[in-house]
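Beneath this line is the structure, given in structure tokens, with notes to follow.
Just so it is clear, the values below take in all heavy atoms, side chains as well, and ignore hydrogens, waters and symmetry mates. Chain letters run A, B, ... following the sequence lines, proteins first and then strands; every chain starts at 1.
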Number of protein chains: 4
Amino acid sequence: MRATYEALCAEGYSDLTAQAIADRTEKSKAALFYHYDSKEGLLAAFMDYLLEGYEHRVALLAEYPPAERLAAFVEWWFSPASDDPTGYHTAMLELRARAPYDERFREKLRASDAALRETLTDILEDGVETGAFQPHDSEAVADFLLATLDGARIRRFTLARDAYSDHVRAGVVEYLHNYVFSPDTTYPTDPVTFPADDRLTGSTDTGDGGGGAPSADEDAR
Amino acid sequence: MRATYEALCAEGYSDLTAQAIADRTEKSKAALFYHYDSKEGLLAAFMDYLLEGYEHRVALLAEYPPAERLAAFVEWWFSPASDDPTGYHTAMLELRARAPYDERFREKLRASDAALRETLTDILEDGVETGAFQPHDSEAVADFLLATLDGARIRRFTLARDAYSDHVRAGVVEYLHNYVFSPDTTYPTDPVTFPADDRLTGSTDTGDGGGGAPSADEDAR
Amino acid sequence: MRATYEALCAEGYSDLTAQAIADRTEKSKAALFYHYDSKEGLLAAFMDYLLEGYEHRVALLAEYPPAERLAAFVEWWFSPASDDPTGYHTAMLELRARAPYDERFREKLRASDAALRETLTDILEDGVETGAFQPHDSEAVADFLLATLDGARIRRFTLARDAYSDHVRAGVVEYLHNYVFSPDTTYPTDPVTFPADDRLTGSTDTGDGGGGAPSADEDAR
Amino acid sequence: MRATYEALCAEGYSDLTAQAIADRTEKSKAALFYHYDSKEGLLAAFMDYLLEGYEHRVALLAEYPPAERLAAFVEWWFSPASDDPTGYHTAMLELRARAPYDERFREKLRASDAALRETLTDILEDGVETGAFQPHDSEAVADFLLATLDGARIRRFTLARDAYSDHVRAGVVEYLHNYVFSPDTTYPTDPVTFPADDRLTGSTDTGDGGGGAPSADEDAR
DNA sequence: CATGAATGAGTATTCATTCAT
DNA sequence: AATGAATGAATACTCATTCAT
């Protein structure tokens, strides 16, 4: 899985070869095909692996108050990828772009999207319950936020124009204050960091989160 | 160019072969390489072609009042692609995803993005001038809107979940009323249609707009 | 051996993989190589196994009168394979075709051929002794008959033209009457059935013959 | 076609690789796939090529009297292959053995078989007309003869026991005298040689026939 | 005995690109 | 300007065989 991750970052999806993955392993290319039925099968497994990781990481935030969690989630999309900024997200974008042609990927992508939406709606509903958020249609808000955050991230790394991000972040914060937060709730200036997937990053630790290379595609890695 | 468009729609970017393009031409594959230095060069030319088309089409809207133009622009992103919904957008997304690996594409993409932003800021500033819009930071608004619209479209066709779009559109309209429109401006219920690129669609004409398969990537086709 | 037989029927010789054989076993593929030095070695053993079976089955006919045995032998070649008509014979034909390239197979094939010829010459000589057959060169007759019968069977299943068989059978019967049978001997209308190899068929028994899927290649299975 | 022939002789069918064919060409392996859609397609074309050759060669015999032609045909099956005795026939046998698995081959094989049968029935009927042959069922005789001749040839080269051939030939001649020839017709001692396919043999010439490597499978090369 | 894991050496096929004509 | 033919370099996937356990 890790070799797959690294190869994906380095080569991108469409240039990804079985050899490139094997090269990042101690095993041979043939070993890959012994364990997975095909390159696609391997990638499907990889997507499952990412999703599992995402769900685990989200769970780590459960204790925090809704506003804090929401901010952590939002900031996560804007955080500069540490290791391989373009690499991973680009690869993931290619993968998303291939989904329409591949049944298997489409499913995985949907599952990841569902996970992201659920994360958001959970937070939003929690907030309403605790009174931190005003009553609202959590599904609608989640969809709007995801579109904006997803679009912002994609644009950031495909256009390599970090400047855009500030405008979008400001817009999002404003939106939240206007439609989501209760009058006395404010957007946390320095929220918890959304935990990174430390199975993929060279050496992370932390317990409170860690920086990592946050990001969430439909794949919600 | 048209053959390229069709091949791209039919095969997707990563499956696109020089042969597939030539097959949609009266000439041979070798002729492609006589006129373009490489497959990438051909695609770069195609992106230029799209951009030209976009600029021409935007110009057609110049006469309309700002609110009308803004609504036309917004709706354009949500319009269901008539001909080949997935095909074209998917291909374009793949292409965008490849940009980080290709200098040439990156440039084209930036140019397209600039064109889109300029379209928006032009409209926004026009609106402020005519009083239809309240004073605001047009660059910030443009960036926020583009992120949201782009994200919404990408998510629509990669996840094939049309439902999302309504939530996003509603959010955008709300946003416009809150931050852009003057108190007495309202979002046009049935705005002009953003003109389609009739060089690529079977046979369009119109002057007022035409239906077409609107869409605008960073590529602003 | 049985797994080998089944795999051979199902896959044909040239598509036969060690895995396919192992799959029809309770053991692993590696176990195959523990017991046999190579795939070819396994097949060589299989050919021995077939030959043994053949010899055992021929012995069961010893009691019958020569004309009866001869007819049983002849009819055997024309009998429609019950289970897997094409499968087995085809596989065997492939195997025979590979013989020229493999010393080991060639030997086995010769042994099988020798067994077949001996069966025939035994019958023919018995018949001369008992007076049922006229004096003749049993070796020559055996060779002629085997060529005809072998050719007929091969043509039947490679061309899938059952019609041919009747012409050949008629020709053979005529030949026998002319050159082999004594004036008062006639070709038995309903001779004993040549015994099938009940180690390979689902569950046969019989002593008097049994139906089975008779056939005899040079391999004389 | 010639490279295919040579590769087939040298490697056999199941070991036949595209590379092996290309190696016998001045072109590259890729060139093979430029001209043929697949290895199988190439072989299918090869079989057509053989059939064409066969038909052309048969035509060359048209002038000879029936008995002469019949003997030429019969002897052809017994003629020792000059160039590559085992090679070619073996390869063809493998190919025949693969036919049950391949629609395309099956068709070609049937066509070849039909050509062989027609050759025989034509000769037989001609003979009856000219009075050289007694009246008989030419289809039945053709089927019987083909089975015997085909079986004889297959057995000869898979068992490498030339001795058998004499017995079979004698049987065939006897059969012909008994069932086909008119009382005053005799089997020509030294008939015309069935023409070889000089497109495949290194350097043939002759006009009367030439020795070549006669043989006729269902493939009737 | 048995096996899960692993692999080296293939194999057909693809494709952007070239080039003689 | 155009092309049919050709190709080198890849690429996913296969398989008989090995081996540590």
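- Across the protein-nucleic acid pair, B/Glu26 atom CD and F/dA1 atom P stand 17 Å apart, rounded to whole Å.
- The cationic group of A/Arg98 does not satisfy the cation-pi geometry with A/Tyr13, failing either the under 6.0 Å distance to the six-membered ring centre or the 45° limit from the ring axis.
- Taking each heavy atom of B/Leu32 and B/Ala22 in turn, the nearest pair found is CD2-N, 4.0 Å.
- In the region residues 29-37 of chain D, proximity to DNA chain E at under 4.0 angstrom, judged on heavy atoms, holds for D/Lys29, D/Ala30, D/Phe33.
- Looking at which nucleotide of DNA chain F each of A/Leu16 and C/Thr17 is closest to, the 5′-most match is held by A/Leu16.
- Boundaries of the chain B contact region on DNA chain E are E/dC15 to E/dC19, first to last in 5' to 3' order (nucleotide atom under 4.0 Å from a heavy atom).
- Each of B/Ser38 and D/Glu40 has a nearest nucleotide on DNA chain E; the 5'-most of these lies closest to D/Glu40.
- Taking a pair as Watson-Crick or G-U wobble with both distances under 3.5 Å, DNA chain E forms stems of 3 or more consecutive pairs at E:2-21 with F:2-21.
- A/Tyr36 is linked by a side chain to side chain contact (heavy atoms under 4.5 Å, CB included) to A/Met1, A/Leu42, A/Ala45, counting only residues two or more places apart in sequence or in another chain.
- The residue among B/Gln19 and D/Lys39 whose nearest nucleotide of DNA chain E is located toward the 5' end is D/Lys39.
- Residues in residues 16-29 of chain A take part in these salt bridge (Lys or Arg N to Asp or Glu O under 4.0 Å) pairs, two or more places apart or across chains: A/Glu11-A/Arg24.
- Taking the side chain to side chain contact (heavy atoms under 4.5 Å, CB included) definition, one finds that C/Lys39 meets it with nothing, sequence neighbours left out.
- Between the side chain of C/Glu94 and the backbone N or O of D/Ala97 there is no donor-acceptor pair closer than 3.5 Å.
- Nearest heavy atom pair, residue B/Ile21 against residue B/Ala7, reads CG1-CB, 3.8 Å.
- One atom, NZ of B/Lys27, and another, C1' of F/dA2, lie 7 Å apart when rounded to the nearest Å.
- Across all strands, B/Ile21 comes closer than 4.0 Å to no nucleic acid atom at all (heavy-atom distances).
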